[in-house]
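A short worksheet on the structure shown next.
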There are 2 protein chains.
Amino acid sequence: MPTRIAIFEDNDRLRETLTHLLQMNDYEVVGNYGRCDEAATIVRVYKPDVVLMDIDMPGESGITGVKLIKEARPHTAVIMYTVFEDDEKLFQCLCAGANGYLLKKTSPARLFDAIQEVLEGGAPMSPTIARKVLLSFQSGAAGAKKYDLSAREIEVLQWLTKGYSIKSIASEMNLAFDTVRSHLKNIYRKLHVNCGKEAIAKAISERIV
Amino acid sequence: MPTRIAIFEDNDRLRETLTHLLQMNDYEVVGNYGRCDEAATIVRVYKPDVVLMDIDMPGESGITGVKLIKEARPHTAVIMYTVFEDDEKLFQCLCAGANGYLLKKTSPARLFDAIQEVLEGGAPMSPTIARKVLLSFQSGAAGAKKYDLSAREIEVLQWLTKGYSIKSIASEMNLAFDTVRSHLKNIYRKLHVNCGKEAIAKAISERIV
DNA sequence: TGGGGAATCACTCTTTTGGGGGAGGTCTAT
DNA sequence: ATAGACCTCCCCCAAAAGAGTGATTCCCCA
């Protein structure tokens with residue numbers, strides 16, 4: 001049986017074009033919609049295998065759309081299909097559960113590949129997107145250098161981000177309690193924070209450690 | 001001029017095969033090595049555009065290899081080429097700065113595509129790898145459900161992970177100081193931690209919030 | 001050779017946190 | 001209606017953390 005596809009895209013012209021394009025290639029388009037407010041109901045009723053989701057639409061955004069679909073029918077594969085390539089929207093989509101992320105400049109051939117890929121459990125992404133995703137993992141030295149942390153300070157910060165108390169850190173590093181505290185004071189100053197909790201939040205979210 | 005490629009792979013047979021395969025397709029293999037202890041020097045001297053890097057090798061691992069190469073010559077594109085698809089090794093490679101991650105079952109055609117893709121600033125990944133990467137962004141509800149946190153507790157935890165003090169959280173949420181503390185006590189119990197610092201570390205690294 | 005940063009440790013003082021209670025209200029499900 | 005959750009707030013007390021100040025080494029480098 002053919003792959004069932006639903007399209008959420010507010011540009012009427014593009015939506016129709018996509019629909020025809022897919023139909024000509026033996027896909028079954030089970031619905032095409034200009035907004036995704038009812039996305040949850042739609043996927044429950046029409047049970048698409050794959051959803052192509054735009055981001056910028058009237059009413060609920062495609063980001064919300066992904067959330068709705070993933071809550072309603074988690075195994076539905078959702079491929080974002082958008083012009084946006086800014087980090088903000090990208091990572092919001094990924095966190096919402098998107099299975100792929102294609103830019104609209106993607107060729108039809110690649111679009112078909114992507115649909116196939118996502119059906120096989122992959123995660124199709126446009127090259128620049130994949131790059132952003134991998135870059136988001138880059139860690140360590142960059143952040144530490146940025147804040148000019150010394151080797152010892154980095155070490156203390158690493159223990160801190162594991163949730164260790166000052167006493168425990170001192171014990172682990174074979175240092176006096178006050179020495180660790182001294183390092184921490186310098187760390188807080190360099191990171192522009194006022195307490196260990198902020199330091200942990202900053203260190204982890206900016207991947208300093 | 002042809003693309004310059006260096007190969008780090010401890011299996012002699014595979015290494016030779018790869019070398020010939022690449023040479024037959026107009027790539028210039030500037031070196032192939034059975035270990036990556038000297039990777040830093042090698043990339044500095046031979047200036048490859050792309051490096052194919054195995055993980056399991058005698059001496060330094062390929063993960064260390066990526067770090068060395070990225071420190072020595074950051075714009076060198078490194079594609080992991082390995083049989084491993086466990087999360088541990090995968091994310092270590094990505095954090096070390098890998099630009100791509102291919103499983104050894106990848107077809108030669110796809111390998112060439114990947115080299116081209118990484119040269120164009122992309123991030124070639126085998127489908128199952130790409131999937132793991134995207135999955136690592138899935139956040140929120142999953143973790144929160146796992147630890148059975150209530151809506152209010154999640155809200156408090158979110159403020160906490162931003163580094164807010166109890167007093168500030170109370171102020172932000174228009175609650176009494178003791179109410180926030182009460183929520184925190186329950187959060188700590190549910191997360192199996194003993195203090196806010198541990199809670200922040202756990203919440204962020206497990207993407208509970 | 002003198003300055004400066006890093007690393008080490010010490011003391012005091014105040015504020016913040018965590019752990020232990022308890023208590024009253026709402027809401028839901030049985 | 002009764003039990004069990006959340007959510008809300010209160011008290012006490014001890015431990016931990018933060019802020020300020022200062023001192024001693026060691027090593028690098030200008």
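Chain letters run A, B, ... following the sequence lines, proteins first and then strands; every chain starts at 1. Here the structure is a predicted model, which is why all the values come from computation and not from measurement.
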Point to revise | Parallel, tilted or perpendicular: rings of B:F8 and B:Y33 (30°, 60°) | key: parallel
Check your understanding: For A:N194, which contact category applies under a 4.0 Å heavy-atom criterion: base, sugar-phosphate, or nothing?
Key -> sugar-phosphate
Review point. What is the distance, rounded to the nearest whole Å, between atom CZ of A:F177 and atom P of D:dA16?
Key: 8 Å
Review point. Between atom OH in A:Y188 and atom P in D:dG20, what is the gap in whole Å?
Key: 14 Å
Revision key, fill the gap. The correct set of residues in residues 178-185 of chain A placing a heavy atom under 4.0 Å from DNA chain C is A:D178, A:T179, A:R181, A:S182, A:H183
Point to revise | Interatomic spacing from CD in A:E88 to SG in A:C93 - rounded to 0.5 Å | key: 10.5 Å
Exercise for review: Could you check A:D12, A:N11, A:T19 and say which one makes a side chain to side chain donor-acceptor pair (under 3.5 Å) with A:R15?
Suggested key: A:D12
Review point. Do A:F91 and A:L94 come close enough that some side-chain heavy atom pair is under 4.5 Å?
Key: yes
Review point. Quick check: does any side chain N or O of B:S126 sit under 3.5 Å from a backbone N or O of B:T128, one acting as donor and the other as acceptor?
Key: no
Exercise for review: Taking all non-hydrogen atoms of both residues into account, name the closest pair between A:A98 and A:M80 and its distance.
Suggested key: CB-CG, 3.7 Å
**Study point:** Parallel, tilted or perpendicular: ring planes of A:Y147 versus A:H192, cut at 30 and 60 degrees
**Key:** perpendicular
Review point. Would you call A:E117 and A:R110 a salt bridge, taking side-chain N to carboxylate O under 4.0 Å as the test?
Key: yes
Review point. Would you say B:K197 reaches D:dA17's phosphate, i.e. side-chain N/O to OP1/OP2 under 4.0 Å?
Key: yes
Might you list the N or O atoms of the protein lying below 3.5 Å from N or O atoms in nucleotides 24-30 of chain D, with each pair's distance?
none

Practice item. By nearest nucleotide on DNA chain D, pick out whichever of A:Y164 and B:S150 is the more 5' one. Key: B:S150
Check your understanding: Do the side chains of B:K197 and A:L160 get nearer than 4.5 Å, heavy atoms only?
Key -> yes
Exercise for review: Apply side chain to side chain contact (heavy atoms under 4.5 Å, CB included) to A:M53 and A:I69, showing your working.
Suggested key: CA-CA 10 Å; A:M53 176 71 74; A:I69 290 174; 3.5 Å; yes
Please list every donor-acceptor pair under 3.5 Å in which a side-chain atom of residues 170-187 of chain A meets a protein atom from a residue at least two apart or in another chain.
| from | atom 1 | to | atom 2 | distance (Å) |
| --- | --- | --- | --- | --- |
| A:D178 | OD1 | A:R181 | NH2 | 3.1 |
| A:N186 | OD1 | A:R189 | NH2 | 3.1 |
| A:N186 | ND2 | A:S182 | O | 3.3 |

Revision key, fill the gap. When the rotation axes relating C1' atoms of four end pairs to the next four are compared across the helix from C:dT1-D:dA30 to C:dT30-D:dA1, five pairs an end, they differ to 10° by 50°
Review point. Ignoring hydrogens and geometry, is there a side-chain-to-backbone donor-acceptor pair from B:E153 to B:L149 under 3.5 Å?
Key: no
Study note, to complete from the structure: Outer limits of DNA chain C sitting under 4.0 Å from a non-hydrogen atom of chain B, read 5' to 3', are C:dT16 to C:dG20
Revision key, fill the gap. ring-ring contact (aromatic ring centres under 6.0 Å, His included) pairs touching residues 57-86 of chain B, sequence neighbours excluded, are none
